[in-house]
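Next up is a structure, given as structure tokens.
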Amino acid sequence: GKGSKGPRLITLMPGDGIGPEISMAVLEVLDAMKAPLIFEPVDVTPVMNSNGQTTIPDAVIESMNRTKVGLKGPLMTPVGTGFRSLNLTLRQLFNLYANIRPCKSLPGVETVYGDVDVVTIRENTEGEYSGLEHTLVNGVVQSIKLITRSASMRVAEYCFKYAIEMKRKQITAVHEINSMRMSDGLFIRCMRDTAKKYEKEMTAAGVKYEEVTLKTVCLKIVEDPKRFDVLILPNLYGDIISDTCAGLIGGLGLTPSGNIGTSGAIFESVHGTAPDIAGKDLANPTALLLSTVMLLHYVDLPTYADAIEKAIVKTVKDDNVRTIDLGGNAKCSEYTQALIKNLK
Ligand code: ATP
Ligand code: MG
């Protein structure tokens, strides 16, 4: 999508708990910048389909199919039998095959590591999470790690294009080939083939490619997170390492994410609904704002993305206006207003 053909329609799923409050903060910030986006709010409260399975309302599907781009707050998945995770439902409905998490230290937020800037790109549809498990005989179960060339190639394609466009320094493909010869072998071959395909563009942009085993990544990333730049991983490794990276920058609360699909994308914060502080104007909207930054890059509006990112740093670091989770006493609305003042 280009930002030049008039305002871009975006499906807004405010979500549950603190979702509506942090979504409101995002809308106010975008409104103050006069960003050329029009948000279409939809309610993701689960409904039962004819098979007695929970699913999301038709209005959500209809809106997403039209706009192709969604911004989503945290969703509460009701516990109990028959309830499928709504996030899983969304992933399947919109073919969200890649999960992207930029983990970048927020200047002013003290963490053990200082300056971290790692992006994890995770295959999101197969691998160890293909959901293919069964009992062979009593006491023996089998779980299938499914790796396909097509799924590996599409996530690779996204990763290499992303790294080139975002002018990243290095792509690290993560594997455990010594024990997973065929499956990780195929995954890595797809990464290698894609690296070859984009060789010229990578050289021009200064992006390098390497392959490192999972155990080495685990060791090195906690010794020195600067050792890595963009990590591309199969599903399970990606699930674990992406949370590790969030921890490196001070937890899930500041981490945005993007779910890239075959015909669209959904951007969301990584944190949950925070029921303990919901409705009290205490939530930190930063993760959803950073998800919006990702969304703005996705729809080719990088100048708006950069403006939000700079304003966040100014507000937290220079003005020291922080929500309670970052050791401050600003309400969500106060933080938002301070941030809006910093947009110019
Ligand atoms: P869910 O069941 O939706 O996952 P949860 O309580 O298990 O909710 P989180 O919502 O991630 O998990 O919350 C964990 C803790 O972090 C809570 O104490 C919550 O208040 C806090 N928290 C999470 N997100 C934010 C935020 N955006 N701003 C401030 N505090 C937050
Ligand atoms: Mg939780």
Side-chain angles (χ1 to χ4, degrees), residues 12-30 43-46 54 56 60 70-91 99 101-106 108-111 120 239-240 242-259 266-295 308-309 311-313 315-317 319-340:
L12 176 67
M13 296 161 259
D16 306 308
I18 58 172
E21 300 162 59
I22 58 178
S23 299
M24 187 54 70
V26 168
L27 293 185
E28 283 172 14
V29 169
L30 291 170
D43 184 358
V44 197
T45 303
T54 45
I56 55 174
V60 178
L71 180 69
K72 180 174 119 9
L75 294 179
M76 188 194 64
T77 291
V79 279
T81 47
F83 283 109
R84 209 160 40 132
S85 140
L86 290 177
N87 288 324
L88 183 65
T89 308
L90 284 168
R91 188 184 317 148
N99 181 260
R101 276 204 208 168
C103 290
K104 197 172 168 187
S105 306
L106 190 54
V109 177
E110 299 307 320
T111 53
T120 58
D239 190 18
I240 297 165
S242 60
D243 271 15
T244 306
C245 290
L248 299 175
I249 63 159
L252 300 172
L254 292 172
T255 310
S257 88
N259 298 286
I266 297 179
F267 299 87
E268 62 183 334
S269 51
V270 168
H271 61 71
T273 56
D276 50 335
I277 57 165
K280 297 179 182 160
D281 196 19
L282 295 176
N284 185 353
T286 304
L288 196 63
L289 279 163
L290 290 171
S291 309
T292 307
V293 167
M294 294 180 76
L295 184 153
I308 296 181
E309 244 186 312
I312 290 173
V313 174
T315 309
V316 173
K317 184 168 175 251
D319 300 350
N320 198 24
V321 174
R322 297 159 191 246
T323 44
I324 291 165
D325 57 306
L326 295 185
N329 54 17
K331 303 248 182 200
C332 176
S333 54
E334 291 164 350
Y335 173 78
T336 307
Q337 291 315 310
L339 198 149
I340 286 171

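First listed ligand is number 1; within each ligand, the first listed atom is number 1. Note that these values count all heavy atoms, side chains included, but never hydrogens, waters or copies made by symmetry. Not measured: the values here are computed from a predicted model.
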Polar proximity ligand 1 side, G272 side, N/O cut 3.5 Å exclusive: yes
Any donor-acceptor N/O pair, R322 side chain to G108 backbone, under 3.5 Å: yes
Where K331 and K280 come nearest, the two heavy atoms and their spacing: NZ-O, 4.3 Å
T273-D16 side chain donor-acceptor pair, cut-off 3.5 Å: no
Check against side chain to side chain contact (heavy atoms under 4.5 Å, CB included), T120 and C103: CA-CA 8 Å; T120 58; C103 290; 5.6 Å; no
Close N or O approach (D325, ligand 1; < 3.5 Å): no
Sub-4.0 Å heavy-atom contact, P74 with ligand 1: no
Location of contacts on P275 toward ligand 1, heavy atoms closer than 4.0 Å: side chain
Any N/O pair A274/ligand 1 closer than 3.5 Å: yes
For I277, the ligand 1 atoms whose distance to one of its heavy atoms is below 4.0 Å: 20 (O), 29 (C), 30 (N)
Test item: E21 side-chain N/O and G279 main-chain N/O as donor-acceptor pair under 3.5 Å: yes
L252 touching ligand 1 at heavy-atom level, < 4.0 angstrom: no
Option of least heavy-atom distance to atom 8 (O) of ligand 1 (set: V270, T273, L75): T273
Close approach, A283 and ligand 1, non-hydrogen under 4.0 angstrom: yes
Y335 and its side chain to side chain contact (heavy atoms under 4.5 Å, CB included) partner, picked from L326, I340, T315: T315
Option with minimal heavy-atom separation from atom 28 (N) of ligand 1, where the choices are N284, D276, I18, L254: N284
Residue that, paired with V26, satisfies side chain to side chain contact (heavy atoms under 4.5 Å, CB included) out of T336, L71, I308: L71
